[in-house]
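In what follows, a structure is listed as structure tokens, so that the remarks can point back to it.
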Amino acid sequence: MGENKRKRGRKPKTPTQETKDFPYTTAAANDVVSVTIPAAEPTTDPNDLSASRSRRGRPRKVNKNDNPRANIAASPERRSSRQAEQNGDLAHATTTMATATTTTNSAAIVSEPVRWENVGRVVPSMDAVVKVFCVHTEPNFSLMWQRKRQYSSSSSGFVIGGRRVLTNAHSVEHHTQVKLKKRGSDTKYLATVLAIGTECDIAMLTVSDDEFWEGVSPVEFGDLPALQDAVTVVGYPIGGDTISVTSGVVSRIEILSYVHGSTELLGLQIDAAINSGNSGGPAFNDKGKCVGIAFQSLKHEDVENIGYVIPTPVIMHFIKDYEKNGAYTGFPILGVEWQKIENPDLRMAMGMGPDQKGVRIRRIEPTAPESQVLKPSDVILSFDGVNIANDGTVPFRHGERIGFSYLVSQKYTGDNALVKVLRHSEILEFNIRLETHKRLIPAHIKGKPPSYYIIAGFVFTAVSVPYLRSEYGKDYEFDAPVKLLDKHLHAMAESVDEQLVVISQVLVADINIGYEEIVNTQVLAFNGKPVKNLKGLANMIVVLETKTAKAATLDILTTHCIPSAMSDDLKT
């Protein structure tokens with residue numbers, strides 16, 4: 001059945017006899033072929049062997065509207081004979097073919113060998129795209145004194161100015177070795193990680209070997225694209241070893257959830273395919289300028305071809321942050337939990353006028369600087385002079401609106417912002433210093449090994465999102481204990497150094513009989529004193545540690561091959 005489908009509509013082949021009788025043909029009357037071959041001498045010799053050589057093989061298919069290239073013959077003999085058959089005037093076509101000029105004959109039979117170095121590149125910036133090879137050694141968050149088995153990964157990156165390379169943060173997370181390979185090269189160069197931005201999922205690398213930078217031009221960054229703008233994602237995804245190019249259009253621009261950083265920043269949604277290995281690869285516009293970095297895609301049975309790109313405003317923020325501070329400091333936040341004021345009765349209760357719009361503050365993080373000036377139930381009317389709507393959005397571009405957190409993310413750590421609020425029907429203005437977010441349960445420990453303390457078999461540690469994921473799997477938000485999830489989702493740190501301390505497990509010994517079933521239980525106090533963080537708990541225990549507890553701890557460490565009773569950060 002498939003064979004029949006392919007045969008339907010197929011035009012009959014030109015008879016071989018016609019080709020044999022008329023070896024030299026010219027283009028049809030409507031076709032123009034312009035050829036310049038200075039090295040070839042015109043010839044009219046019908047026995048010239050180059051004629052038969054040039055006609056071997058299947059000719060390239062050329063559409064009617066195509067512009068033939070100057071050094072390629074566009075199969076004029078087929079089109080001439082087909083036109084003659086359709087017009088029913090084969091004799092006239094024969095006469096035309098026989099009187100073809102010798103110049104055209106030379107154009108059809110002379111061709112130069114293709115040299116790969118002369119083949120033009122579609123996207124010149126593709127040479128700046130590199131393949132990133134990384135060996136990861138992740139901490140074991142359940143057994144804090146160990147590390148997991150190392151594994152390798154490959155992803156993409158690209159060269160920018162200043163002898164630097166950008167890729168994704170998750171591509172080099174917990175790295176022990178990073179190597180880069182240029183397009184068309186067989187050499188891997190050892191790279192150094194300069195900065196890792198966990199919130200924005202961007203990492204910056206460099207290579208000390210001068211050979212790596214030879215013949216490579218850095219990419220140029222373009223402006224934030226508009227909807228329906230064409231984008232081309234370049235990288236090294238699974239399915240092959242060579243560079244891959246996928247194209248699509250920008251389908252959405254909004255504040256997105258960055259999975260790796262557990263943050264919300266500006267992002268682009270595109271319909272180009274983004275697969276494993278594409279991470280860190282650039283997205284080019286139709287002018288060959290980089291408009292983003294591919295970093296994640298949406299995998300769901302109800303959706304197809306939804307990929308996400310980190311846009312240039314976020315990329316430039318990361319680069320300028322590093323250049324300004326010599327390290328990555330992060331994206332600041334306002335530090336408030338707010339709600340929409342779309343209900344007319346709520347607006348009236350807040351004392352808002354008919355022309356006033358804004359959002360209501362529900363809670364303020366105690367560690368945020370604005371906690372000194374802002375209060376719950378304040379209505380934020382504007383941020384840095386930009387009015388905020390009742391749904392929490394601000395004007396973005398023509399016909400578009402975006403969450404006002406975008407304005408905050410444009411700032412840098414330590415910058416000031418003018419916030420206008422409505423309090424008891426009175427408008428107040430505050431100049432607020434912006435800082436990064438301090439979470440009670442952090443989303444990352446930023447490459448550091450997890451902290452722990454062991455005494456008499458009790459293993460104490462601080463809770464983090466990687467710890468919950470290690471204990472309860474990727475669905476930890478459903479499987480973890482409710483009390484821990486409540487702290488994770490709703491609790492706010494009262495101080496910068498506050499941690500949620502738990503007894504991870506109890507290593508069984510004679511000294512702790514009856515306590516071996518305690519798992520992931522929060523430690524609220526020790527001898528009546530509140531436990532603020534793990535280091536404070538360790539200091540309290542050391543003071544009261546008995547000889548029996550010390551001896552039992554040494555035996556337990558030896559039994560379980562644990563090198564130390566506490567992590568290095570607690571020893572100082």
Give a yes or no on whether [X] atom [atom1] has more than 12 heavy-atom contacts from other residues, nucleotides or ligands under 6.0 Å away.
| X | atom1 | result |
| --- | --- | --- |
| M316 | CE | yes |
| K181 | NZ | yes |
| E220 | CD | no |
| K182 | NZ | yes |
| Y151 | OH | yes |
| Q228 | CD | no |
| D209 | CG | yes |

Roughly how far, to the nearest 0.5 Å, is [atom2] of [Y] from [atom1] of [X]?
| X | Y | atom1 | atom2 | result |
| --- | --- | --- | --- | --- |
| T198 | I445 | OG1 | CD1 | 11.5 Å |
| S377 | R360 | OG | CZ | 3.5 Å |
| T167 | I293 | OG1 | CD1 | 7.5 Å |
| D229 | D286 | CG | CG | 7.0 Å |
| T393 | K357 | OG1 | NZ | 8.5 Å |
| F212 | L180 | CZ | CG | 5.0 Å |

With heavy-atom distances below 4.5 Å as the criterion, would you say the side chains of [X] and [Y] are in contact?
| X | Y | answer |
| --- | --- | --- |
| K179 | L190 | yes |
| S405 | I255 | yes |
| R347 | M350 | no |
| L298 | Q269 | no |
| I243 | Y236 | yes |
| V502 | L484 | yes |
| L381 | N387 | no |
| D127 | V216 | no |

Keeping to residues at least two apart or across chains, list the salt bridge (Lys or Arg N to Asp or Glu O under 4.0 Å) pairs with something in [range].
| range | value |
| --- | --- |
| residues 380-390 | D384-K411 |
| residues 400-409 | R397-E400 |
| residues 483-494 | none |

Are the side chain of [X] and the backbone of [Y] linked by a donor-acceptor contact shorter than 3.5 Å?
| X | Y | answer |
| --- | --- | --- |
| D321 | T329 | yes |
| N168 | I202 | no |
| T461 | Y452 | no |
| R164 | T206 | no |
| T246 | A273 | yes |
| D201 | H170 | yes |
| S279 | S155 | no |
| E138 | K148 | no |
| T137 | H174 | no |
| N343 | L346 | yes |

Nearest heavy atoms of [X] and [Y], plus distance in Å:
| X | Y | value |
| --- | --- | --- |
| P311 | L224 | CB-CD1, 3.5 Å |
| M144 | F141 | SD-O, 2.9 Å |
| L434 | A417 | CD1-CB, 4.1 Å |
| I315 | L166 | CG2-CD1, 3.7 Å |
| D497 | S495 | OD1-OG, 2.9 Å |
| S152 | V135 | OG-CG2, 3.9 Å |

**Request:** Would you mind telling me which of S244, P282, C290 makes a side chain to side chain contact (heavy atoms under 4.5 Å, CB included) with V129?
**Result:** P282
**Message:** I'd like to know whether I361 forms a side-chain contact (heavy atoms from CB on, under 4.5 Å) with K375, so could you lay out the CA-CA distance, the side-chain angles of the two residues, the decisive distance to 0.1 Å, and finally the verdict.
**Reply:** CA-CA 7 Å; I361 297 177; K375 295 182 179 180; over 6 Å; no
**Message:** According to ring pair (Phe, Tyr, Trp, His ring centres under 6.0 Å), does anything in residues 425-450 pair up with another residue at least two apart or in another chain? List the pairs.
**Reply:** H260-H444
**Asked** Do any pairs count as a ring pair (Phe, Tyr, Trp, His ring centres under 6.0 Å) and have a residue in residues 366-397, sequence neighbours left out, and if so which ones?
**Response** F396-Y406
**Asked** Between R163 and D210, is there a side-chain N and carboxylate O pair less than 4.0 Å apart?
**Response** yes
**Message:** Could you walk me through whether D241 and K131 satisfy the side-chain contact (heavy atoms from CB on, under 4.5 Å) test, starting with their C-alpha distance in whole Å, then the side-chain angles of each, then the deciding distance to 0.1 Å, before giving a yes or no?
**Reply:** CA-CA 9 Å; D241 295 327; K131 191 169 185 178; 4.1 Å; yes
Assess the side chains of [X] and [Y]: does a donor N or O sit below 3.5 Å from an acceptor N or O?
| X | Y | value |
| --- | --- | --- |
| D569 | S451 | yes |
| T413 | T436 | no |
| Y258 | Q296 | no |
| H317 | S409 | no |

**Message:** Show, in sequence, the C-alpha distance, side-chain angles and deciding distance for F284 and F158, and conclude whether the side-chain contact (heavy atoms from CB on, under 4.5 Å) test is met.
**Reply:** CA-CA 11 Å; F284 295 108; F158 60 96; over 6 Å; no
**Prompt:** Please walk me through it: do V207 and W213 pass side-chain contact (heavy atoms from CB on, under 4.5 Å)?
**Reply:** CA-CA 8 Å; V207 176; W213 306 103; 4.0 Å; yes
**Stepwise side-chain hydrogen bond (donor to acceptor under 3.5 Å, both in side chains) check, S142 with S470** = CA-CA 6 Å; S142 295; S470 175; 2.8 Å; yes
**Request:** Report the residues that fulfil side chain to side chain contact (heavy atoms under 4.5 Å, CB included) with K324, sequence neighbours left out, ordered by chain and then residue number.
**Result:** Y412, D415
